[in-house]
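Everything numeric in this text was worked out from a predicted model, so none of it was measured. If you read the sequence from its start, that first residue is 1, and numbering goes on from there. Side-chain atoms are counted along with the backbone in the values below, which use heavy atoms only and exclude waters and symmetry mates.
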Amino acid sequence: MNLRGIVAVTGRPGLFKLVGQNKAGYVLEGLDAQKVKIVANISTTKLASLEDITIYGEDEDLKLIDVLANIAALEGNVPDAKADASTLRTLFLEVAPSHDQDKVYTSDMKKIVTWYHLLKDLPLFSEDAPGTSEVQDAAKSEEKVEKKVKATPKPSNAKAPSKTAQPAKKANMTSKKGV
């Protein structure tokens with residue numbers, strides 16, 4: 001799941017894609033059907049990247065990406081965000097069993113379910129995150145390096161660098177007073 005560049009903006013409903021940045025602020029595009037472009041002020045607006053959001057857990061915090069992946073893996077229908085609190089609690093006990101039930105409120109659950117419904121139809125919801133492909137590429141390049149063990153031989157006509165081939169040293173000139 002690739003959620004790079006998807007942000008939540010304080011004070012605005014929905015999710016936005018970070019398009020760019022200018023002097024006035026961040027250029028954002030709405031992920032809903034309207035595709036509204038806005039400029040969010042740098043100094044007053046707070047952005048939260050969905051990659052960085054975590055949910056309170058009993059032992060350690062849970063990443064939002066993992067919870068969204070668990071919701072996507074559910075066989076049954078995912079309830080609407082307007083469902084009652086008990087339905088959302090049972091959903092979260094299923095997708096995030098180790099979440100802290102005292103710190104995770106129903107409003108947080110509604111927001112996460114709303115985000116899931118916005119993201120589920122987007123193509124980036126089903127593609128891999130950029131970091132996972134880089135790890136696989138690094139492993140493949142290490143295999144190639146191990147196969148190429150032989151060192152290239154030096155040509156027989158290679159000469160050692162001469163003294164004149166080195167860069168010249170800077171001359172140290174002293175100045176005389178009064179000249």
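Inter-residue side-chain proximity for Leu31 and Leu118 is flagged as unmet; no heavy-atom pair is nearer than 4.5 Å. The side-chain heavy atoms of His99 and Leu93, taken from C-beta on, include a pair separated by under 4.5 Å. In this structure, the side chains of Leu91 and Met109 stay at 4.5 Å or more apart for every pair of heavy atoms.
In terms of heavy-atom proximity, Leu74 sits nearest to Glu94 at CD2-OE2, 2.9 Å. Looking at every heavy atom in both residues, Leu50 comes nearest to Ile65 through O-CG1, 4.3 Å. Heavy-atom minimum distance, Asn22 versus Ile42: O-CD1, 4.0 Å. Residues Leu28 and Val19 approach most closely at C-CG2, 4.4 Å, considering heavy atoms. The minimum heavy-atom distance linking Tyr56 with Asp61 is given by the pair CA-OD1, 3.8 Å.
Counted within 6.0 Å of CZ on Arg12, heavy atoms from surrounding residues, nucleotides or ligands total 12 or fewer; the atom is thus considered open.
Between Leu18 atom CG and Ile6 atom CD1 the span is 9.0 Å, to the nearest 0.5 Å. Distance check, rounded to the nearest 0.5 Å: NZ of Lys110 to CG of Asp80 gives 10.0 Å. A distance of 10.5 Å separates CG of Asp52 from CG of Leu3, quoted to the nearest 0.5 Å. Atom CG in Leu68 sits 13.0 Å away from atom NZ in Lys63 (nearest 0.5 Å).
The same ILVMFWY cluster, assembled from side-chain heavy atoms under 4.5 Å apart, contains both Val78 and Val104. In this structure, Leu88 is a member of the same hydrophobic cluster as Tyr116, with clusters built from ILVMFWY side-chain heavy atoms closer than 4.5 Å. There is no path of hydrophobic side-chain contacts, each under 4.5 Å, that joins Val39 to Tyr26.
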Report task. Would you please test Leu64 and Trp115 for side-chain contact (heavy atoms from CB on, under 4.5 Å) and show each step? Result -> CA-CA 10 Å; Leu64 178 66; Trp115 289 348; 3.8 Å; yes
Show your working on side-chain contact (heavy atoms from CB on, under 4.5 Å) between Ser98 and Leu62 and close with a plain yes or no. CA-CA 8 Å; Ser98 63; Leu62 309 169; 3.4 Å; yes
side-chain contact (heavy atoms from CB on, under 4.5 Å) assessment of Ile112 paired with Ile53:
CA-CA 11 Å; Ile112 291 170; Ile53 294 177; over 6 Å; no
**Request:** Assess whether side-chain contact (heavy atoms from CB on, under 4.5 Å) is satisfied between Arg89 and Thr106, documenting all intermediate values.
**Result:** CA-CA 8 Å; Arg89 287 266 177 218; Thr106 308; 4.0 Å; yes
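Of the options Asp84, Thr87, Val113, a side-chain contact (heavy atoms from CB on, under 4.5 Å) to Pro79 is made by Thr87 and by none of the others.
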